[in-house]
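Shown next, in structure tokens, is the structure this report addresses.
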Amino acid sequence: MTTTDPEAQVGQELLRFPPDFVWGAATAAFQIEGATTADGRGPSIWDTFAATPGKVHGGDTGEPACDHYHRYASDVGLMAELGLGAYRFSLAWPRIQPSGAGRVEPRGLAFYDRLVDELLDRGIQPVATLYHWDLPQELEDHGGWRNRDTAYRFADYAALTHAHLADRVQLWTTINEPWCSAFLGYGNGIHAPGLVDPRGALEAAHHLLLGHGLAMRAMRPSAPADHRFSIVLNLCSVSVDQDDEAHRAAAHKVDGLQNRLFLDPLAGRGYPEDVVARTAWLGDWQRVVRDGDLEVIASPVDWMGVNYYSPTRVAPAPADHVPDGPFAGLRGVALLPPRGELTGFGWEVDARAFTELLERLGRDVAVPLVITENGSAFPDAVSDGEVVDLARTRYLVDHLRAVHTAISRGVDVRGYFAWSLLDNFEWAAGYSQRFGIVHVDYRTQARTVKHSGRTLARVISRNAVPTSGYDLG
Ligand code: FCB
């Protein structure tokens, strides 16, 4: 395409996405809904965690979040205004089964009926995530994801929720970022339930994968033929400064714990032997892997959701060095601080690493990919009714170019969901980090579409990004 393309109205060449590319934005229930005690909702681990002093920045809680529970209709209106073709949201398990098992709360299901119907009325395709971290507290009281039984409870919840919405929702994701639930929730404790138990984190990872597989088996047989199932992983691109054996080995170790620990069993390859061997010093977490589990985990998916924000930089370290944070199970590697351009959250900006990650997944993953989250946090301010978030706009456009490059090199990427539709409760950072393409004033609940949101709307209407620059006319 050239500058003479009349529909483009952009003074430069365009990088066009495939004609049926899906454009959307993503959110998660606990981060936006508020109304944490409405209509019979039970407490989740995030309610408990946020109520524990010192756990969440500023003592912030799931109230009021974006009060989306009551404002969903106008929020869907905003999505329509932006031209979104799809919306990825999560269902709150504690709204649907307040204690995580047994009794179903019809008022909880009714909220998702209203949301889905509103989306369909506006021609927006719903993409449902069954679990985005808000485990019913009662299940945590019995061991949470460290208890095998939670995987079976999750499959029951998935089956009943899928059956309820099956006539209207075709795209489903079981679990969002099991790595975070396992390693941040049970490994270094910066997320709910806030436990520091590195072996328990590995056991939780297995039970999360088992829950995914059991849910696939519970939903698939009764699903209409056009239903498409997936899991969403936060896969990282691991960068090193030198191309020598020691650096390659360090990268391989981190890749193992972050990526291969999930990709391999999902693909039917079982747990990577090097990761099992390297984590054995934490105790025999493989004792929780029972006969038949690996077959369940490898139940085929139709697509894979990929969340990407930032690269991970590593270097070799002395053999007994244990890195801080969620990689505590690994010895002999050091995590390097982010460098270069950083977001307001301090996360490194690196769009090229995104292309590299997608190319690697294009080789290693047998199903189509969908970018289920990508975005950046910066402090924003409303001035004269506008939010001119140029840094976020640049991040967005650069990362879309990175996706386009991967597609042009043959990677099968079917869609892109911006994180996030709305500024929201950013887990341990509370309301201090804004990821939205729409600004939320938490006091008045006023929404203001940011410059980045308008830019995404233009990208969607053209199904293209410019080859250079950020001015989309
Ligand atoms: C991801 C989470 C999402 C959001 C972004 C910033 O790890 O899935 O809920 O918090 O990070």
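Heads up: numbering here begins at 1 and tracks the sequence. First listed ligand is number 1; within each ligand, the first listed atom is number 1.
- Relative ring orientation between Trp23 and Phe21 is described as perpendicular, the plane-to-plane angle rising above 60° on a 0-90° scale split at 30° and 60°.
- For residues 36-55, the set of pairs meeting the salt bridge (charged side-chain N to carboxylate O under 4.0 Å, His left out) definition, not counting sequence neighbours, comprises Arg41-Asp47.
- A cation-pi contact links Arg401 to Tyr470, judged by a cut-off of 6.0 Å to the six-membered ring centre and 45° from its axis.
- Residues meeting the side-chain contact (heavy atoms from CB on, under 4.5 Å) test with Glu63, sequence neighbours left out: Thr36, Thr61.
- Partner His439 forms a side chain to side chain contact (heavy atoms under 4.5 Å, CB included) with one of Val449, Thr448, Leu422 and no other, that one being Thr448.
- The ring pair (Phe, Tyr, Trp, His ring centres under 6.0 Å) pairs that include a residue from residues 53-74 are Tyr69-Phe111, Tyr72-Phe111, where partners are two or more places apart or lie in different chains.
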Check ligand 1 against the protein and report each N/O to N/O distance under 3.5 Å, formatted as atom name, atom name, distance.
| unit_1 | atom_1 | unit_2 | atom_2 | d |
| --- | --- | --- | --- | --- |
| ligand 1 | 7 (O) | Glu177 | OE1 | 2.5 |
| ligand 1 | 7 (O) | Glu177 | OE2 | 3.0 |
| ligand 1 | 8 (O) | His132 | NE2 | 3.2 |
| ligand 1 | 8 (O) | Asn176 | ND2 | 3.0 |
| ligand 1 | 8 (O) | Glu177 | OE1 | 3.4 |
| ligand 1 | 8 (O) | Glu177 | OE2 | 3.3 |
| ligand 1 | 8 (O) | Glu373 | OE1 | 3.1 |
| ligand 1 | 8 (O) | Glu373 | OE2 | 3.0 |
| ligand 1 | 9 (O) | Gln31 | OE1 | 2.8 |
| ligand 1 | 9 (O) | His132 | NE2 | 2.8 |
| ligand 1 | 9 (O) | Trp427 | NE1 | 3.0 |
| ligand 1 | 10 (O) | Gln31 | NE2 | 3.4 |
| ligand 1 | 10 (O) | Glu426 | OE1 | 2.7 |
| ligand 1 | 10 (O) | Glu426 | OE2 | 3.2 |
| ligand 1 | 10 (O) | Trp427 | NE1 | 2.9 |

